[in-house]
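To keep things clear, I will list the structure first and then write my remarks on it.
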Amino acid sequence: MILLTLKLLLAHFIGDFMLQSSHWVDDKLEKKWKSKYLYWHIGVHLILLLGILQFQHLGIVAIIIATHYLIDLGKLTFTNEKNYRWLFVVDQVLHLLVITGVIYLLTPFDIDFETLFVEKNLLFITFLVFVTYVSGILMRMLLAPYIAEILKAEDPDEGGSLKNAGKYIGMLERLFVFGFILTDQWAAIGLLITAKSVFRFGDLNKGKNRKLTEYVLIGTLLSFGLAILSGVVYNYLTDIL
């Protein structure tokens, strides 16, 4: 079952990501079902599946190809500038569900959902939510008094920041720190802090804004502090469970 799963995933990843250019995607979005690249894309998947599976499991190949065409056609039909990212996620989830379904047809397997709710799993999920979303909101509340001052001090001629960039950078850095602590790689935290400092040095030096510098330092220390605290507490709780 594992070998078949890897083969199907490999075919999907190569066909959907490696062998599909942006030109094909743009043409499909513009012409929908009339685009020749939609059918070329399906043909690539067919060739990949036949080659990787060595012309075995032809019924499964037929199911995957047919559903892949219908899923892609549905995504192209409903995609617009506002929902294309969400539809991309839905599209990939549906493809993976199809792969899961055909694997189940060949080798039925049981999924024990009760194991998902054991103490250690719930503890891990709880801390992931805290490190990503809860910590971000806590930091926003703690830094709120400084935001107005920072906005007033900004140079109006300077370029703006990407929307929600700070939020996602914070989430990622806390996930990295949390992961480093779980794997006992404390030295990597120092490297991460150094890397972030190097990237932000140009902005802070160019702006010559002491308030902005202090704001970034406070935010960075809060972010890393919450992530480190979460990792330490998580390790402690897993040891006593």
Side-chain angles (χ1 to χ4, degrees), residues 2 5-6 9 13 85-86 88-90 92-93 96-97 100 109-151 153-154 160-205 207 209-241:
I2 295 177
T5 302
L6 292 174
L9 287 176
F13 291 154
R85 288 186 297 177
W86 288 108
F88 170 79
V89 174
V90 172
Q92 292 302 316
V93 169
L96 295 178
L97 286 176
T100 303
F109 54 87
D110 295 324
I111 301 177
D112 187 4
F113 289 101
E114 292 184 1
T115 59
L116 296 175
F117 299 102
V118 297
E119 289 180 339
K120 289 191 175 181
N121 288 345
L122 285 175
L123 180 65
F124 182 70
I125 294 171
T126 301
F127 271 84
L128 280 183
V129 174
F130 177 82
V131 168
T132 52
Y133 289 95
V134 178
S135 293
I137 294 174
L138 288 176
M139 288 179 57
R140 197 178 310 131
M141 297 297 294
L142 292 171
L143 295 173
Y146 307 108
I147 294 177
E149 292 187 48
I150 297 300
L151 292 175
E154 283 185 347
S161 174
L162 294 174
K163 183 179 180 181
N164 293 326
K167 171 185 175 182
Y168 295 120
I169 290 172
M171 290 173 61
L172 288 171
E173 73 183 19
R174 290 191 296 274
L175 279 174
F176 275 118
V177 172
F178 187 64
F180 290 149
I181 294 175
L182 265 57
T183 55
D184 200 26
Q185 299 294 325
W186 288 84
I189 299 175
L191 293 176
L192 185 61
I193 294 175
T194 303
K196 183 175 181 180
S197 300
V198 170
F199 280 117
R200 293 307 302 264
F201 176 78
D203 294 335
L204 299 177
N205 185 53
N209 186 333
R210 183 174 179 178
K211 290 182 179 180
L212 176 60
T213 303
E214 293 172 344
Y215 176 81
V216 171
L217 287 174
I218 293 172
T220 298
L221 292 174
L222 272 175
S223 181
F224 279 83
L226 287 170
I228 291 172
L229 179 63
S230 299
V232 171
V233 174
Y234 174 82
N235 282 337
Y236 172 76
L237 293 176
T238 52
D239 288 339
I240 64 176
L241 284 179

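Residues take their numbers from the sequence shown, with the count starting at 1.
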- Query: Considering residues at least two apart in sequence or located in another chain, which fulfil the side chain to side chain donor-acceptor pair (under 3.5 Å) criterion with Q92?
  - Reply: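 Once residues adjacent in sequence are excluded, the partners of Q92 under the side chain to side chain donor-acceptor pair (under 3.5 Å) criterion are H12, D16.
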
- Name all residues meeting the side chain to side chain donor-acceptor pair (under 3.5 Å) criterion together with D184; count only those two or more places apart in sequence or in a different chain, and write none if there are none.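 Residues passing side chain to side chain donor-acceptor pair (under 3.5 Å) with D184: W186.
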
In Å, rounded to the nearest 0.5 Å, how long is the span from [atom1] of [X] to [atom2] of [Y]?
{"X": "T100", "Y": "L9", "atom1": "OG1", "atom2": "CG", "value": "8.0 Å"}
{"X": "R174", "Y": "F130", "atom1": "CZ", "atom2": "CZ", "value": "9.0 Å"}
{"X": "I181", "Y": "F176", "atom1": "CD1", "atom2": "CZ", "value": "14.0 Å"}

The criterion is side-chain contact (heavy atoms from CB on, under 4.5 Å); which residues satisfy it with [X], sequence neighbours excluded?
{"X": "I2", "result": "L6"}
{"X": "T126", "result": "none"}
{"X": "V93", "result": "V89, L97"}

Report all side-chain donor-acceptor pairs from residues 225-234 shorter than 3.5 Å, counting only partners two or more places apart or in another chain.
residue	atom	partner	partner atom	Å
S230	OG	L226	O	2.7

- side chain to side chain contact (heavy atoms under 4.5 Å, CB included) with L123: which of V118, T238, L128?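 Single side chain to side chain contact (heavy atoms under 4.5 Å, CB included) partner of L123 among V118, T238, L128: T238.
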
- Item | Heavy-atom closest contact (V131 atom, L175 atom, distance) |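 Smallest heavy-atom distance, with atoms named: CG1-N, 3.8 Å.
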
